[in-house]
Amino acid sequence: MRVLSGIQPTGRFHWGNYFGAIRQYIDLQTEEAAFYFIANLHALTTVRDPEVLHGYTVDAAIDLLALGLDPDQAVLFVQSDVPAVSELTWLLMTGAPMGLLERCHAYKDKKARGLSADAGLFNYPVLMAADILAYDSEIVPVGADQIQHIEVCRDLAMSFNHSFGEVLCIPKAKVLDASAKVPGTDGEKMSKSYDNTLEVFESPKVQRKKIMRITTDSRPMEEPKDPQGDPLYQLYSLVASDEDREQMEKTYREGGFGYGEVKKALADAAESYFAEPRARREALAAKPERIEEILADGASAASRKANEVLQRVQRACGIAR
Ligand code: ADP
Ligand code: TRP
């Protein structure tokens, strides 16, 4: 299977990004072909400071490699290094119904909040469709929030094929764990917009402080508690071993424990869970030329495939002979 996924460099990665998306697509890198990219053109719709955008892009590459993305197995590249995708976006846009894009949540939610949206946000799903179609992708591993965009991509591809013949490969979303909604330190969904994140690579000291401040209920210690649905337990389950998780579940059900102990156990488990990636990250960050080389190799492998698909599309619609 040909697998592809992308992630926007709009901030440092948090546990939601890792457990909800990144981990799942790194697991698929052993497939026949795997393309993973850093969606800096998408991020430009929100990050408007050039230094910051560039910094997040490089950090995203280092983070992905530290988290296990292996450039010998998968192609890692930066979205804007493949200009064919931007051209394919235009070709798809010529047949994209306004109504379909008006229903897409990023644009619709902004409008509903009375904010003015720009054309970049409106056309965001078309660029995403081009990202996917440019590599003849078959499987797109994504978090549950991206399913709508994959549906739009499929609609655009089918309608293009209807007009011009069987040119585009119709992809499928792979939502590996639809229930993976990682809670933040306030119990709501973890998101950088809510300022409730635990970052994957923040210092263990900073992270421990954040964990100790996680909001909990005020039930008495001795009361038995249901671990399911408890944000602290959910976070702990992500980073604890199976054995420790089962033990914690028992502790919850029996009662007689304090949330302070759970927080301490969570901070310890998180520190050891991310210890290896953290060490790998430090080693990689010390070799910026190696990162540049990996991204340049990725860009040329990705461009080769995207140019081939673009030519097929251009021929089909009468732009090229
Ligand atoms: P944020 O909400 O912090 O801006 P993004 O929208 O950039 O995060 O997230 C990128 C991807 O990470 C999303 O498409 C989604 O699949 C995944 N993701 C983000 N937050 C969570 C979460 N709390 N739980 C599960 N997955 C998440
Ligand atoms: N829109 C995705 C997100 O915010 C990122 C993305 C851009 C993407 N292009 C893609 C994901 C193509 C999968 C395939 O998470």
Side-chain angles (χ1 to χ4, degrees), residues 2-26 28 34-47 53 56-57 59-60 63-64 67 74-75 77-80 82 85-86 88-89 92 104-107 109-110 120-121 123-154 156-157 169 171-200 231 234-235 237-238 302 306:
R2 285 182 304 274
V3 177
L4 167 131
S5 199
I7 190 146
Q8 296 192 55
T10 45
R12 293 305 302 276
F13 295 144
H14 55 70
W15 289 22
N17 301 140
Y18 178 65
F19 293 104
I22 297 169
R23 180 179 66 169
Q24 307 184 8
Y25 69 64
I26 291 181
L28 290 168
F35 286 81
Y36 300 127
F37 65 93
I38 299 156
N40 60 342
L41 294 174
H42 276 110
L44 194 54
T45 63
T46 48
V47 183
L53 181 58
Y56 282 157
T57 305
D59 275 330
D63 288 354
L64 291 173
L67 289 168
V75 179
F77 61 102
V78 175
Q79 185 182 32
S80 60
V82 185
V85 168
S86 296
L88 184 57
T89 302
L92 293 171
C104 286
H105 53 64
Y107 170 77
D109 294 352
K110 196 155 186 181
L121 185 71
N123 288 303
Y124 174 117
V126 190
L127 175 59
M128 182 156 162
D131 285 328
I132 297 168
L133 301 170
Y135 306 98
D136 283 336
S137 315
E138 294 170 298
I139 298 289
V140 188
V142 282
D145 62 322
Q146 297 296 318
I147 297 173
Q148 185 188 41
H149 294 147
I150 311 293
E151 283 306 315
V152 169
C153 172
R154 288 168 54 86
L156 295 180
C169 172
K172 276 205 181 85
K174 181 162 183 133
V175 186
L176 281 168
D177 188 355
S179 63
K181 193 173 272 187
V182 178
T185 51
D186 56 358
E188 298 303 317
K189 182 188 175 193
M190 187 179 287
S191 168
K192 61 181 144 330
S193 4
Y194 304 152
D195 199 16
N196 64 357
T197 62
L198 296 173
E199 287 175 12
V200 173
Q234 276 174 274
L235 289 169
S237 311
L238 295 170

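One-based numbering, in listed order, for ligands and for the atoms of each. For the numbers below, each heavy atom of this structure counts, side chains included, while hydrogens, waters and symmetry mates do not.
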Compare every heavy atom of [Y] with every heavy atom of [X], then report the nearest pair and how far apart it is.
X	Y	value
A106	L121	O-CD2, 3.9 Å
V182	F19	CG2-CB, 4.0 Å
V82	A302	CG2-CB, 3.9 Å
V126	T89	CG1-O, 3.6 Å

Which ligand 1 atoms does [X] reach within 4.0 Å, using its non-hydrogen atoms?
X	answer
G20	25 (C), 26 (N)
M190	20 (N), 21 (C), 22 (C), 23 (N)
G143	16 (O)
K189	20 (N), 21 (C), 22 (C), 23 (N)
H14	1 (P), 3 (O), 8 (O), 19 (C), 20 (N)

Proximity to ligand 1 by part of D145, non-hydrogen separation under 4.0 Å: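 The side chain, only.
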Counterpart residues, ring-ring contact (aromatic ring centres under 6.0 Å, His included), relative to H149 (two or more places apart):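 Expected list: H105, Y124.
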By ring-ring contact (aromatic ring centres under 6.0 Å, His included) - contacts of F35 (at least two apart):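 Checked F35 against ring-ring contact (aromatic ring centres under 6.0 Å, His included); matches are Y135.
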Q146 vs V140, side chain to side chain contact (heavy atoms under 4.5 Å, CB included): CA-CA, chis, key distance, verdict: CA-CA 10 Å; Q146 297 296 318; V140 188; over 6 Å; no
Ligand 1 and [X], any nitrogen or oxygen pair closer than 3.5 angstrom?
X	answer
V182	yes
G16	yes
S193	no

Residue contacts for ligand 2, heavy atom to ligand atom, distance under 4.0 Å: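 The 4.0 Å shell around ligand 2 contains L4, S5, G6, Q8, F37, A39, H42, Y124, M128, D131, I132, V140, V142, Q146.
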Flag, side chain of Y36 to backbone of Y25, donor-acceptor distance under 3.5 Å: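 Side chain of Y36 to backbone of Y25, a donor-acceptor pair under 3.5 Å: yes, one is there.
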Sidechain-backbone polar pair: R154 side chain, P171 backbone, donor-acceptor under 3.5 Å: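 Pair found, side chain donor or acceptor close to backbone of P171.
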side-chain hydrogen bond (donor to acceptor under 3.5 Å, both in side chains) involving S237 - partner list, sequence neighbours excluded: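 side-chain hydrogen bond (donor to acceptor under 3.5 Å, both in side chains) check on S237 returns nothing, list empty.
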Heavy-atom nearest neighbour of atom 1 (P) of ligand 1 within options E188, Q146, K192, K181: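 Checking each option, the heavy atom nearest atom 1 (P) of ligand 1 is found in K192.
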Step-by-step side chain to side chain contact (heavy atoms under 4.5 Å, CB included) determination, I38 to L64: CA-CA 10 Å; I38 299 156; L64 291 173; 4.2 Å; yes
